[in-house]
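The structure under discussion appears below in the form of structure tokens.
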Amino acid sequence: LFLDDLQWADSASIAAVNQLLLAGGIASQNAKFFFLGCYREGETDNFNPLWKTLCNNDLVSARFTDVKLDCMDEETLTTMVSETLCLLPRLTRSLSSIIYHKTKGNPLFVSQLMISLDKEGLLRPSLSRRRWEWDKEKIQFQKLPDDVAMFFTNSIEALSEDVKASLCVLSCFGSSAETAFIKTLERLLQKTLLNNLDAAVEEGLLDKKDGRYHFSHDRIQEAAYNMMNFLDRCHFHFTYGMALAQLSAREKDDSNLLIAVNQLNLASPEAVQDRSQNVIIAKLNLQAGKKTMEMSDFVAAYSYFDN
């Protein structure tokens, strides 16, 4: 089992992993369980459920290895560029040296930069030479932001206003969303979303697989989300939450209830326009809490009741 972005995992998810580890620890020799998880260093603390699991690893009798991934050194980056372009390292060293000094070896930054160079024609296939070629001087003097987040922000800023707005909508619902749910949002908000998201897929900012739109990386989702100022984010979360809550009540379908309540809780008090809405939100949190109690997700239920 492989799980990414564990720094954002909730207690219920970590509890499920704990049970799997416990079952694997007491299983017979013929039944083994291998778990691989990734998380960002510096974004977990002593109260994070993931950290508690790592600290209590001995309790489940599981072998545990912590592998720290650093940025690539220049030699490793040269090998990567060489294999990507199917050229000898001595031929790609001039390009890889520039990329290394611009990205400091950050793998995500490297891959996105190479995609950007390809789109801008600075890295291109040559039919006459039957190999890749690049414009060393133009790449050398190309201005780049200091970090990956700003790089993605600039990439999104270059898109049309409609595509940017659709990415912001998607970012409010996390790292991914089902196509059917996007269609529901289109109907509720009376906005064109799917065509704009398809345009973002063509730009490499989103992936579309198994009926879902996924941000290609969580940093892209963060960049889209942070393009909205705080008050705008509160307003959007509130608008989406109320629209989904009304849909859930109208169609007597609880499938969107938890999504609606999560949006309302993300909106914060600044988005509430009158006191009567506080009563509505409290009732919705009560419904969501009861529903999660039925699902045995008691931590989530407590958070709804506490709101």
Side-chain angles (χ1 to χ4, degrees), residues 2-7 34-43 64-159 163 167 175 198-209 213-224 226:
F2 168 66
L3 296 178
D4 199 2
D5 293 325
L6 281 174
Q7 71 276 3
F34 180 74
F35 172 70
L36 176 63
C38 294
Y39 67 96
R40 283 194 210 162
E41 192 175 37
E43 295 196 20
F64 169 73
T65 303
D66 188 14
V67 180
K68 183 178 180 180
L69 298 179
D70 293 315
C71 291
M72 295 182 286
D73 57 33
E74 189 167 356
E75 195 61 36
T76 302
L77 178 55
T78 298
T79 302
M80 173 188 165
V81 174
S82 169
E83 293 182 357
T84 301
L85 302 182
C86 298
L87 292 170
L88 294 173
R90 62 181 177 81
L91 297 176
T92 62
R93 196 172 299 279
S94 61
L95 174 63
S96 60
S97 178
I98 297 172
I99 293 175
Y100 176 77
H101 287 96
K102 285 183 175 292
T103 64
K104 303 300 186 290
N106 183 306
L108 175 62
F109 209 165
V110 169
S111 63
Q112 293 299 318
L113 176 57
M114 291 187 71
I115 292 172
S116 175
L117 295 177
D118 176 50
K119 288 181 179 178
E120 295 173 15
L122 299 180
L123 176 62
R124 56 195 176 272
S126 170
L127 295 178
S128 59
R129 301 178 66 187
R130 297 185 179 181
R131 50 161 284 186
W132 287 88
E133 61 182 17
W134 49 89
D135 195 321
K136 180 180 175 180
E137 291 187 0
K138 287 185 178 180
I139 296 174
Q140 180 73 58
F141 292 105
Q142 186 183 44
K143 290 185 178 180
L144 286 179
D146 294 330
D147 58 35
V148 181
M150 187 56 67
F151 180 85
F152 285 132
T153 299
N154 292 349
S155 299
I156 295 172
E157 287 284 4
L159 301 173
V163 176
L167 284 174
S175 60
D198 286 336
V201 171
E202 294 177 2
E203 293 294 325
L205 296 172
L206 296 179
D207 295 323
K208 188 178 180 182
K209 185 179 180 182
Y213 286 92
H214 303 258
F215 280 98
S216 299
H217 195 275
D218 57 286
R219 292 282 189 178
I220 301 176
Q221 188 257 334
E222 288 178 15
N226 290 329

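Keep in mind that what you see is a predicted model, and the values were worked out from it rather than measured.
Counting heavy atoms from C-beta on, the side chains of Leu108 and Phe152 come closer than 4.5 Å. Within the 4.5 Å cutoff, no side-chain heavy atoms of Phe215 are placed close to those of Leu205. Using a 4.5 Å heavy-atom threshold, the side chains of Phe109 and Ile99 count as separate. At a threshold of 4.5 Å between non-hydrogen side-chain atoms, the residues Leu117 and Trp134 do not count as touching.
Between Asn154 atom CG and Ser116 atom OG the span is 10.0 Å, to the nearest 0.5 Å. Separation of atoms OG (Ser216) and CG (Leu206) is listed at 6.0 Å; rounding is to 0.5 Å. Cys38 SG to Leu6 CG: the interatomic distance, rounded to the nearest 0.5 Å, is 7.5 Å. Going from atom NE2 of His101 over to atom CG of Leu77 covers 10.5 Å, rounded to the nearest 0.5 Å.
Annotation for Gly105 and Val110: closest pair C-CG2, 4.3 Å, computed over non-hydrogen atoms. Among all heavy-atom pairs drawn from Ile220 and Ile156, the shortest one is O-CD1, 4.0 Å. Of all heavy-atom pairs spanning Pro107 and Cys71, the tightest one is CD-CA, 4.5 Å.
Legend: residues meeting salt bridge (Lys or Arg N to Asp or Glu O under 4.0 Å) with Lys208, ordered by chain and number and at least two apart, are Asp198. Evaluation of the side chain to side chain contact (heavy atoms under 4.5 Å, CB included) rule for Phe141 yields no partner, not counting sequence neighbours. Lys68 pairs by the salt bridge (Lys or Arg N to Asp or Glu O under 4.0 Å) definition with Glu41, not counting sequence neighbours. Thr103 is linked by a side chain to side chain donor-acceptor pair (under 3.5 Å) to nothing, counting only residues two or more places apart in sequence or in another chain. Residues passing the side chain to side chain contact (heavy atoms under 4.5 Å, CB included) test with Asp66 are Tyr39, Phe64, sequence neighbours excluded. Ser128 pairs by the side chain to side chain contact (heavy atoms under 4.5 Å, CB included) definition with Ser126, not counting sequence neighbours. For Arg131, there are no salt bridge (Lys or Arg N to Asp or Glu O under 4.0 Å) partners, not counting sequence neighbours. Not counting sequence neighbours, the partners of Glu157 by the side chain to side chain contact (heavy atoms under 4.5 Å, CB included) test are Thr153, Lys164, Met227.
Pairs of residues two or more places apart, or lying in two chains, that qualify as side chain to side chain donor-acceptor pair (under 3.5 Å) and include a residue from residues 71-83 are Asp73-Thr76, Glu74-Ser97, Thr78-Ser96. Sorted by first then second residue, the salt bridge (Lys or Arg N to Asp or Glu O under 4.0 Å) pairs that include residues 112-121, not counting sequence neighbours, are Lys119-Glu203.
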Show me the side-chain donor-acceptor pairs of residues 84-95 shorter than 3.5 Å, one per line, residues at least two apart or across chains.
residue, atom, partner, partner atom, Å
Thr84, OG1, Met80, O, 2.7
Thr92, OG1, Pro89, O, 3.3

